[in-house]
*Asks:* 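My structure is below; once you've seen it, I'll send some questions.
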Amino acid sequence: MSKIFKALCLASLSLTLFIATESLTAAEEKRNDKSDKYLINFKQTPDLKLLEETQGVSDIDAYSEISVVSANLTPEALKSLTNNTLIETIEIDATISIIPFQSISSNTLLSDAETTAEQMIPWGVADIGADKAHMQGITGKGVKIGILDSGIDYKHKDLRISGGISFVDGKSDYMDDNGHGTFVTGIIASLNNNYGLIGVAPDADIYAIKVVNFLGNGSYSSLIKGIEWAVKQDLDVINISLEGTEESKALRKAVDHAIKNGTMVVASSGNSGYNSKGNVAYPAAYEKAFAVGATDQEHQLASFSNVGKQLDIVAPGQDIISIFADDYVTSGGTSMATAHVTGSIALMRSMFPEMKDKEIEKYVEKSALRLGDTFKYGRGLIQVDKALELASRHK
């Protein structure tokens, strides 16, 4: 690829990513004048007959594992159902979006020639001690990871994708048409194949769960479907480098359901920057999700990283190299930090397959490098090699 053509590709794709959270397709922007999509939280088993018999209710979609139904409601139907004693709450189906790249640039450490001649250990992988785990033969083998994102480029030769699904309207394929999901996946699981770079858990089984479109926008309902699918597939951990700004009882139920069934939820804190009141995004803000903030190479909080009492851990998130289209580029964001943590969880799970999720969290947090105020850094910078060592001593 010529340098000029590569630069044009990067510029074009970067523009798409930067506008992702600000723009919607014409179809998404156009609201039906008569109805909007809602998430209906029932107190117990959803009464579908009630919804079917209520005038103004359409496109009913019941979740199989949680007491939630999505449907389009007219204002009249909304008013009628709000007063029904079988229903706990009704909430608008809010928007979930990718956490956009802070910047994106070509990486000079991996030229076209070098990608075929040698393999790079990214600084983030070394900073969290994952390279030391690799030397002990701990590579994530046998662990199943779900990436809830824009899909994954399953044709890329530095990735091995075990399967996937799409919950984006009009898209049956889980191929990445944005770039974000592939970048995140590259951090987690780029292969140990003497090419490109090596991920945190290169031998993990990766599943693409496409829940946002090419602009990086989706809905809470699509995210919930993705979480349910991950649980049904018995995935060990799911990576959610996405953010929502609305509290949702339905989404909380989905996260709780995943945790209850042994699927860990690792989620990004968000990229809005420091806020003295705290601003951890959803679903990371939920108590049972593992919320991740970002640090730079000096172990300082990244300027874009959200903070708050819900923050559990931090990880490398600035100047991170990974896969972007057919290139390797450098970028930043709490999405990247979250990927480092998800990969680390996979290393822990591969070493201790019978260990409870709460135990894994305990060892990860106890072994973290303390960096200061927990409001900004949580329990500190993840050190997976030390977490593995600590867990080994106590088993």
*Asks:* Checking side chain to side chain contact (heavy atoms under 4.5 Å, CB included) for the pair I206/L159: CA distance, chi angles, key distance, verdict?
*Replies:* CA-CA 9 Å; I206 303 298; L159 297 174; over 6 Å; no
*Asks:* Please give me the minimum heavy-atom distance between V212 and G218, naming the atom from each residue.
*Replies:*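 So the two residues come closest at CG1-N, 3.7 Å.
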*Asks:* Applying the side-chain hydrogen bond (donor to acceptor under 3.5 Å, both in side chains) test to H180, which of S97, S241, S331, S335 qualifies?
*Replies:*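 Among the candidates, only S335 passes.
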*Asks:* Compare all side-chain heavy atoms of L39 with those of I90 and state whether any distance is below 4.5 angstrom.
*Replies:* no
*Asks:* Looking at K171, I'd like to know if its NZ atom is crowded, meaning that more than 12 non-hydrogen atoms belonging to other residues, nucleotides or ligands lie closer than 6.0 Å.
*Replies:*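 Open: at most 12 neighbouring heavy atoms sit under 6.0 Å from NZ of K171.
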*Asks:* Of the non-hydrogen atoms in A294 and L301, which two are nearest, and what is the gap between them?
*Replies:*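 Result for this residue pair: O-CD1, 3.5 Å.
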*Asks:* Please determine, by modelled atom types, if D176 and T182 share a side-chain donor-acceptor pair under 3.5 angstrom.
*Replies:* yes
*Asks:* How long is the straight-line distance from CD of Q300 back to CD of E298, given to the nearest 0.5 Å?
*Replies:*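 Interatomic distance, E298 CD to Q300 CD, rounded to 0.5 Å: 7.5 Å.
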*Asks:* If we only count heavy atoms from C-beta on, is the V292 to V266 side-chain gap below 4.5 Å?
*Replies:*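 Of all side-chain heavy-atom pairs linking V266 with V292, at least one is under 4.5 Å.
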*Asks:* If you take all heavy atoms of A254 and I227, which pair is closest and at what distance?
*Replies:* O-CG2, 3.5 Å
*Asks:* How many angstroms lie between atom OH of Y363 and atom OG of S392, to the nearest 0.5 angstrom?
*Replies:*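 If we round to the nearest 0.5 Å, Y363:OH and S392:OG are 9.5 Å apart.
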*Asks:* Side chains of K376 and S305: donor-acceptor distance under 3.5 Å anywhere?
*Replies:*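 Checked: K376/S305 side chains show no N/O donor-acceptor pair below 3.5 Å.
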*Asks:* For D169, I'd like to know if atom CG has over 12 heavy atoms of other residues, nucleotides or ligands within 6.0 Å.
*Replies:*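 Open.
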*Asks:* Closest heavy-atom contact between P46 and V68?
*Replies:*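 Smallest interatomic distance, heavy atoms only, reads CG-N, 4.1 Å.
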*Asks:* State whether K253 and E88 are salt-bridged, where the test is any N-O pair (Lys NZ or Arg NE/NH1/NH2 against Asp/Glu carboxylate O) under 4.0 Å.
*Replies:* yes
*Asks:* How long is the gap from CD1 on I87 to CZ on F42, to the nearest 0.5 Å?
*Replies:* 4.5 Å
*Asks:* May I ask you to check whether over 12 heavy atoms, not counting those of L48, lie within 6.0 Å of atom CG?
*Replies:*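 Atom CG in L48 is packed in, count exceeds 12.
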*Asks:* For Q383 and S367, does a side-chain donor sit closer than 3.5 Å to a side-chain acceptor?
*Replies:*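 No pair is found: no donor N or O on one side chain lies under 3.5 Å from an acceptor on the other.
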*Asks:* Hydrophobic cluster membership, with links at side-chain heavy-atom distances under 4.5 Å among I/L/V/M/F/W/Y: are I147 and I161 in one?
*Replies:*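 I147 clusters together with I161.
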*Asks:* Can you see which heavy atom on F183 is nearest to which on S322, and at what distance?
*Replies:* O-OG, 2.7 Å
*Asks:* Answer yes or no: is there a side-chain heavy-atom contact under 4.5 Å between V200 and S344?
*Replies:* yes
*Asks:* Quick one: does F352's side chain get under 4.5 Å of L388's, heavy atoms only?
*Replies:* yes
*Asks:* Is I152 close to Y174 at the side-chain level, that is, under 4.5 Å between some pair of heavy atoms?
*Replies:*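 In short, these two side chains do not touch, never coming nearer than 4.5 Å.
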*Asks:* Is there any ring-ring contact (aromatic ring centres under 6.0 Å, His included) pair reaching into residues 256-288, and which pairs are they, with sequence neighbours excluded?
*Replies:* Y282-Y286
*Asks:* For Y328 and H156, take the angle between the two ring planes, folded into 0 to 90°, and tell me which bin it lands in: parallel under 30, tilted 30 to 60, perpendicular over 60.
*Replies:*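 Because their plane-to-plane angle is over 60°, the rings of Y328 and H156 count as perpendicular.
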*Asks:* Before accepting this row, confirm whether a basic side-chain N of the pair D203/K141 lies closer than 4.0 Å to the acidic partner's carboxylate O.
*Replies:*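 Here D203 does not pair with K141 in a salt bridge, since their nearest N and O are not under 4.0 Å apart.
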*Asks:* Measure the shortest side-chain to side-chain distance between T54 and L81 over non-hydrogen atoms and say whether it is less than 4.5 angstrom.
*Replies:* yes
*Asks:* Any side-chain heavy atom of I321 sitting closer than 4.5 Å to one from V329?
*Replies:*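 No, every pair of side-chain atoms sits at 4.5 Å or beyond.
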*Asks:* Please give me the minimum heavy-atom distance between P316 and I128, naming the atom from each residue.
*Replies:* CD-CG2, 3.4 Å
*Asks:* Do you see a donor-acceptor pair shorter than 3.5 Å between the side chains of H340 and D127?
*Replies:*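 Result is no, nothing qualifies.
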*Asks:* Is the closest side-chain donor-acceptor distance between S221 and S70 under 3.5 Å?
*Replies:*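 Distance-only check fails for S221 and S70.
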*Asks:* Would you call E287 and R252 a salt bridge, taking side-chain N to carboxylate O under 4.0 Å as the test?
*Replies:* no
*Asks:* For a 4.5 angstrom cut-off between non-hydrogen side-chain atoms, does R349 reach I360?
*Replies:*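 They are in side-chain contact.
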*Asks:* Is D173 paired with K210 through a side-chain N to carboxylate O contact shorter than 4.0 Å?
*Replies:* no
*Asks:* Can a side-chain donor-acceptor contact be found between S269 and N306 if the only test is distance below 3.5 angstrom?
*Replies:* no
*Asks:* Are N279 and S272 close enough that a side-chain donor and a side-chain acceptor fall under 3.5 Å?
*Replies:* no
